[in-house]
Amino acid sequence: GAVVSQHPSRVICKSGTSVKIECRSLDFQATTMFWYRQFPKQSLMLMATSNEGSKATYEQGVEKDKFLINHASLTLSTLTVTSAHPEDSSFYICSARTAMGGNQPQHFGDGTRLSIL
Amino acid sequence: GNSVTQMEGPVTLSEEAFLTINCTYTATGYPSLFWYVQYPGEGLQLLLKATKADDKGSNKGFEATYRKETTSFHLEKGSVQVSDSAVYFCALSHMDSNYQLIWGAGTKLIIKP
């Protein structure tokens with residue numbers, strides 16, 4: 001149980017392109033989803049917390065107009081990297097937490113490797 | 001504020017060796033504690049968790065005990081395999097941080113045959 005599907009797994013595109021990444025909870029309802037960015041050989045950096053039906057909460061230093069987050073249903077959140085540039089190249093990982101309570105574990109997708117040429 | 005400190009890697013062991021990866025935390029009250037594992041090129045998988053003092057989380061031969069007195073949650077395995085090679089992250093969640101995960105820096109584990 002508690003499977004999170006993240007697509008696509010890898011994206012290579014030209015500078016200036018917008019890229020959408022989907023995060024789905026397949027067998028549970030997720031009132032809260034999280035988006036992380038991971039640089040090589042480093043831990044995860046939380047970018048934003050997404051609650052179903054409301055605006056995402058962004059961490060300090062993360063541009064909300066650059067990284068658009070939509071959490072339209074209890075099983076789907078999307079991250080759109082708008083007008084991506086080479087410095088946006090990174091490994092993006094989503095996670096989802098069940099609706100049962102705040103101290104439940106987060107379940108992670110397999111990540112999206114984004115490469116901007 | 002809340003924080004997690006885990007031992008720096010890489011940790012290199014031979015197959016069938018005993019593994020300990022240290023993790024200590026700073027938090028008020030009783031946070032929930034987690035170990036996540038990240039295999040190369042993949043996302044993170046929950047390995048085990050503990051939500052109250054003296055709880056022991058276990059999975060796939062790995063164990064960790066929630067020690068309130070030493071604020072620790074050390075990860076152990078009696079006999080490691082090459083397939084255990086990965087990066088291991090210790091994390092906590094606490095109501096003071098709105099249950100966001102507070103991460104350790106990760107410890108890379110390399111198991112040699």
Side-chain angles (χ1 to χ4, degrees), chain A residues 1-10 21-25 28 30-51 56-60 62 90-115, chain B residues 1-11 21 23 27 29-53 55 57 59 64 66 73 86-110:
Chain A
V3 177
V4 175
S5 174
Q6 185 174 341
H7 291 283
S9 59
R10 187 176 182 94
I21 303 170
E22 290 188 348
C23 182
R24 294 180 184 273
S25 57
F28 66 97
T31 53
T32 306
M33 289 185 171
F34 303 86
W35 288 96
Y36 295 86
R37 184 171 178 176
Q38 186 179 32
F39 294 98
K41 300 183 180 180
Q42 293 189 25
S43 188
L44 282 74
M45 182 191 78
L46 180 64
M47 299 174 65
T49 301
S50 166
N51 290 298
T57 302
Y58 289 81
E59 296 300 303
Q60 191 172 11
V62 178
S90 193
F91 193 54
Y92 293 87
I93 308 176
C94 73
S95 71
R97 192 168 67 196
T98 70
M100 292 176 60
N103 63 346
Q104 294 300 309
Q106 294 178 26
H107 300 280
F108 286 80
D110 285 338
T112 297
R113 176 79 56 194
L114 176 61
S115 300
Chain B
N2 301 328
S3 67
V4 174
T5 303
Q6 61 182 106
M7 63 189 295
E8 287 189 26
V11 173
I21 299 179
C23 172
Y30 293 86
S32 294
L33 302 173
F34 307 90
W35 276 100
Y36 283 86
V37 57
Q38 184 177 31
Y39 297 102
E42 298 183 11
L44 276 73
Q45 301 176 22
L46 176 65
L47 183 58
L48 51 85
K49 67 174 182 177
T51 58
K52 60 183 187 293
D55 264 4
N59 185 26
Y66 189 144
F73 193 54
V87 180
Y88 292 81
F89 292 94
C90 185
L92 71 81
S93 71
H94 196 287
M95 61 183 295
D96 289 355
S97 306
N98 198 28
Y99 296 111
Q100 290 180 2
L101 282 172
I102 307 299
W103 296 93
T107 302
K108 185 173 184 177
L109 175 64
I110 300 170

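Naming convention: chains lettered A, B, ... in sequence-line order (proteins, then strands); numbering from 1 in each chain.
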A.B. asks: For atom OH of B:Y39, decide whether the heavy atoms of other residues, nucleotides or ligands shown that lie under 6.0 angstrom number more than 12.
C.D. replies: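 Yes - once you tally the heavy atoms of other residues, nucleotides and ligands closer than 6.0 Å, there are more than 12.
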
A.B. asks: For each of A:K41, A:R113, A:Q106, tally heavy-atom pairs with chain B at distances under 4.5 Å, and name the one with the top tally.
C.D. replies: A:Q106

A.B. asks: Against chain A, work out which of B:Q45, B:E42, B:K108, B:M95 has the most heavy-atom pairs shorter than 4.5 Å and name it.
C.D. replies: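 Maximum pair count with chain A is reached by B:E42.
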
A.B. asks: How long is the span from the CG atom in B:L101 to the CZ atom in A:F108, to the nearest 0.5 Å?
C.D. replies: 5.5 Å

A.B. asks: Just checking A:E59: does its CD atom have more than 12 heavy atoms from other residues, nucleotides or ligands closer to it than 6.0 angstrom?
C.D. replies: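 Atom CD in A:E59 is crowded, with more than 12 foreign heavy atoms closer than 6.0 Å.
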
A.B. asks: Side chain to side chain contact (heavy atoms under 4.5 Å, CB included) between B:Q38 and A:I93: does it pass, once the steps are laid out?
C.D. replies: CA-CA 11 Å; B:Q38 184 177 31; A:I93 308 176; 4.0 Å; yes

A.B. asks: Which heavy atom in A:F91 sits nearest to a heavy atom in B:G41, and how many Å separate them?
C.D. replies: CZ-O, 4.2 Å

A.B. asks: Select one option (side chain, backbone, both, neither) describing which atoms of B:L44 are under 4.5 Å from chain A's heavy atoms.
C.D. replies: both

A.B. asks: So which part of A:L44 gets closer than 4.5 Å to some heavy atom of chain B, the side chain, the backbone, both or neither?
C.D. replies: both

A.B. asks: For B:Y36, is it the side chain, the backbone, both, or neither that has a heavy atom closer than 4.5 Å to a heavy atom of chain A?
C.D. replies: side chain

A.B. asks: Find the distance between CD (B:Q100) and OG1 (A:T49) and round it off to the nearest 0.5 Å.
C.D. replies: 4.5 Å

A.B. asks: Please look at A:Q38 and chain B and tell me whether the side chain, the backbone, both or neither of the residue comes under 4.5 angstrom of a heavy atom of that chain.
C.D. replies: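 Looking at A:Q38, just its side chain touches chain B.
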
A.B. asks: Nearest heavy-atom pair of B:A105 and A:S43: which atoms, and what distance?
C.D. replies: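 In this case the closest contact between B:A105 and A:S43 is O-CB, 3.9 Å.
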
